[in-house]
Amino acid sequence: MKKVLMVLDREFPPDIRVEKEAKALISSGYQVHIACFSRERKFTEKELFGDIHIHRRFISKFIFKTNVGALKFPFYFNYWRKYIRDILATDKFDAIHIHDLPLAKIGIEISTRFGLKMILDLHENWPAFLQVSAHTNTFLGKLLSSDSQWYEYEKTMVLKSDGVICVVDEMKERLNLTSNANAISVQNTFPFIERGSDLNKAESTICFYFVGGITPIRGLDIVVEGFSLLAEKYSNIKLIVAGDGCDLQNIKQKAEEHNISEIVVFLGWVNQYEALNLMQSADIMLLPHKRHIQTDCSSPNKLYQYMYNQKPIIASDCKSIERVIKETESGLIYRYDDPESFAECAEKLINDSELRNRLGMNGYQAVKEKYNWAVDSAKLIELYKKLLNEG
């Protein structure tokens, strides 16, 4: 049995993507171990999570915070270097699978020293993620984290890896990997289960729904401004916002400034079960991310959840999201920084229940046929079989 060591520089569980990939490999006959950390001093060092072998080690607050400056100071890499070597002192593996960019260097070192295949799994555009993160935009954060250094690091690590997993094709294009046979796209889809039709009904109130972290890059300020334009013409609309984040108070204030507080409902953080229930009861789903090099290469879980729940989507023109929505005809696209463009899309859906139903069913059909975990996990297994000479 081939053994895979996944390395995750955070706590586990939960991580939906990591868990899905681990289970897919296990279902195909691999044994999967995950090395992660614990920020709490009381933890279980080794345990089985289903069939996944979990390894944990305590990480101090100081070491944890040095991850931003990992390319300039040795502390974070030294922690992981010793941790992984300790695991390999008692266990032998065939492949090391690094989740996200930061620990790629450790993966390359370990794979070279112990003769393992190195798989780099890029959940997102990490250098661009750091550019928009609050903790790297402080004075200290800018001293510790260099954008150019992270981009150069990414380029080097991609070239040295045996296999690269991107989250969308746009990521492969950005990294010039489209012709690389060992570079694949594994999107944040989920297992498809057949469900009945859930057509939009002619309700008196049309509910628009957003769920997720509330940060400036999520674009809710444009949604609120667009909603204020809609409120001048329609009395039967409501905006439901489920989530929390650093921009929440700003969005609430903006709703008050535009005199639409009565039709904007802020629910705060909701769990996954509540979020899915809200999706089923809403009429129109929102993906208003602002365009950025990071969001152009993203694969939001909720895109496919919206589609599965047979709901029409209004989304901004981030490249990867726009491509999927236009290809599947599951929603309407507006210019990310234009409230009037958003309002125009919303009006089309408010006034046309048949359009809402058609777009919603198109999305569901696309998830059934293409945008599901059976399709994406098959690409993951094929890559592993190729790299480990099992094909």
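Computation of the quantities below employed the complete heavy-atom set of this structure, encompassing side-chain atoms and omitting hydrogens, waters and symmetry-equivalent molecules.
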Using the salt bridge (Lys or Arg N to Asp or Glu O under 4.0 Å) rule, take Asp15 and Arg17 through it: C-alpha gap first, then chi angles, then the decisive distance, then the call.
-> CA-CA 6 Å; Asp15 189 302; Arg17 181 180 176 90; over 6 Å; no
Would a line drawn from the ring center of His97 to the ring center of His99 be shorter than 6.0 Å?
-> yes
Do you see a donor-acceptor pair shorter than 3.5 Å between the side chains of Gln249 and Gln253?
-> no
Determine yes or no for a side-chain-to-main-chain donor-acceptor pair under 3.5 angstrom, with Ser299 supplying the side chain and Asn188 the backbone.
-> yes
Centroid-to-centroid, Trp80 to Tyr83, below 6.0 Å?
-> yes
Do any N or O atoms from the side chain of Lys386 and from the backbone of Asn182 form a donor-acceptor pair under 3.5 angstrom?
-> no
Are side-chain heavy atoms of Arg56 and Cys36 found at a separation under 4.5 Å?
-> yes
Check step by step if salt bridge (Lys or Arg N to Asp or Glu O under 4.0 Å) holds for Asp247 and Arg218.
-> CA-CA 9 Å; Asp247 207 36; Arg218 299 297 178 131; over 6 Å; no
What are the two closest heavy atoms between Val241 and Ile214, and how far apart are they?
-> CG1-CD1, 3.7 Å
Hey, what do you get for CD1 (Ile325) to CD1 (Ile333), rounding to the nearest 0.5 Å?
-> 4.0 Å
Where do Tyr336 and His292 land on the side chain to side chain contact (heavy atoms under 4.5 Å, CB included) test, with the steps shown first?
-> CA-CA 10 Å; Tyr336 77 94; His292 183 267; over 6 Å; no
For Ala24 and Ser377, work out which heavy atoms get closest and say how close.
-> CB-CB, 3.9 Å
Side chain proximity check, Tyr384 to Val4, heavy atoms < 4.5 angstrom | yes
Where do Ile293 and Ala128 come nearest, in terms of heavy atoms and distance?
-> CG2-CB, 3.2 Å
Answer yes or no: does atom NZ of Lys379 have more than 12 heavy-atom neighbours from other residues, nucleotides or ligands under 6.0 Å?
-> yes
Any sub-3.5 Å donor-acceptor pair from Ser320's side-chain atoms to Ser298's backbone N or O?
-> yes
Can you find a heavy atom in the side chain of Tyr76 that is under 4.5 Å from one in the side chain of Ile59?
-> yes
Walk me through it: do Lys2 and Lys385 pass the test side chain to side chain contact (heavy atoms under 4.5 Å, CB included)?
-> CA-CA 10 Å; Lys2 300 289 187 180; Lys385 286 183 176 180; over 6 Å; no
Inspect the surroundings of CZ in Arg323 and state if more than 12 heavy atoms from other residues, nucleotides or ligands are less than 6.0 Å away.
-> yes
Are Thr295 and Lys290 close enough that some pair of their side-chain heavy atoms sits under 4.5 Å apart?
-> no
Between the side chains of Tyr79 and Asp9, does any donor sit under 3.5 Å from an acceptor?
-> no
Please say whether more than 12 non-hydrogen atoms of neighbouring residues, nucleotides or ligands are located less than 6.0 Å from CD in Glu257.
-> yes
Determine, stepwise, if the pair Asp86 / Lys82 fulfils salt bridge (Lys or Arg N to Asp or Glu O under 4.0 Å).
-> CA-CA 6 Å; Asp86 287 347; Lys82 184 176 188 309; 3.0 Å; yes
Counting only N and O atoms by type, is there a donor-acceptor contact under 3.5 Å from the side chain of Asp94 to the main-chain atoms of Lys3?
-> yes
Around Asp352, counting heavy atoms of other residues, nucleotides and ligands shown, do more than 12 lie under 6.0 Å from its CG?
-> yes
Output, in order, the C-alpha distance, side-chain angles, deciding distance and verdict of side chain to side chain contact (heavy atoms under 4.5 Å, CB included) for Leu25 and Leu380.
-> CA-CA 8 Å; Leu25 289 168; Leu380 173 69; 4.2 Å; yes
Residues Tyr364, Met361; criterion side chain to side chain contact (heavy atoms under 4.5 Å, CB included); working and verdict = CA-CA 5 Å; Tyr364 175 77; Met361 291 308 298; 4.2 Å; yes
From the list Phe58, Phe12, Phe64, ring-ring contact (aromatic ring centres under 6.0 Å, His included) partner of Phe37 resolves to Phe64
For the residue pair Leu5 and Ile110, establish whether any side-chain heavy-atom pair is separated by less than 4.5 Å.
-> no
Is a side-chain donor or acceptor of Tyr209 paired with a backbone partner of Ala242 at a separation under 3.5 angstrom?
-> no
Counting heavy atoms not belonging to Lys160, are there more than 12 under 6.0 Å from its NZ?
-> no
Taking only Lys NZ, Arg NE, NH1 and NH2, and the carboxylate oxygens of Asp or Glu, determine whether Arg113 and Glu109 approach each other closer than 4.0 Å.
-> no
Separation of Glu21 CD from Asp376 CG (nearest 0.5 Å) = 9.5 Å
Identify the two heavy atoms, one from Lys46 and one from Thr44, that lie closest to each other, and give their separation to 0.1 Å.
-> O-CG2, 3.2 Å
Under a single-linkage definition using a 4.5 Å side-chain heavy-atom cutoff for Ile, Leu, Val, Met, Phe, Trp and Tyr, are Phe190 and Val375 assigned to the same hydrophobic cluster?
-> no
Honestly curious: do Leu267 and Trp269 fall in one hydrophobic cluster under the side-chain, below-4.5 Å linking rule?
-> no
Closest contact, heavy atoms only, Pro127 versus Glu154 | CD-OE2, 3.8 Å
Could you tell me whether a side-chain N or O of Glu274 sits under 3.5 Å from a main-chain N or O of Asn271, the two making a donor and an acceptor?
-> yes
Does Leu276 share a hydrophobic cluster with Leu287, counting links as ILVMFWY side-chain heavy atoms below 4.5 Å and allowing steps through other members?
-> yes
So with a 6.0 Å cut-off around CD of Glu329, is the heavy-atom count from everything else above 12?
-> no
Heavy-atom side-chain contact between Phe192 and Glu194 under 4.5 Å | yes
Path from Leu103 to Phe75 over hydrophobic side-chain contacts below 4.5 Å = yes
May I ask you to decide if Gly268's main-chain N or O and Asp244's side chain share a donor-acceptor pair within less than 3.5 Å?
-> no
Closest non-hydrogen atoms of Phe77 and Ala70, given as atom of the first, atom of the second and distance, are CE1-O, 3.5 Å
Are any side-chain N or O atoms of Asp283 and backbone N or O atoms of Cys207, one a donor and one an acceptor, separated by less than 3.5 Å?
-> yes
When rounded to the nearest 0.5 angstrom, what distance separates SG in Cys166 from CZ in Arg174?
-> 8.5 Å
Joint hydrophobic cluster, Ile26 plus Trp373, side-chain heavy atoms closer than 4.5 Å | yes
Kindly compute the distance separating NZ (Lys302) from CG (Asn309), expressed to the nearest 0.5 Å.
-> 14.0 Å
Carboxylate-amine/guanidinium contact Glu327 Lys370, below 4.0 Å | yes
Tell me, do Glu225 and Leu229 make a side-chain contact under 4.5 Å, heavy atoms counted?
-> no
Does the side chain of Ser316 come within less than 4.5 Å of Ile321's, by heavy atoms?
-> no
Going from CG on Leu48 to NE2 on His53, what distance comes out if it is rounded to the nearest 0.5 angstrom?
-> 5.0 Å
Would Asp296 and Arg291 satisfy salt bridge (Lys or Arg N to Asp or Glu O under 4.0 Å), going step by step from the backbone distance to the final call?
-> CA-CA 6 Å; Asp296 271 344; Arg291 277 202 69 181; 2.9 Å; yes
Donor-acceptor under 3.5 Å (Lys311 side chain, Ala282 main chain) | yes
Interatomic distance, Met157 atom CE to Ile106 atom CD1 [nearest 0.5 angstrom] | 9.5 Å
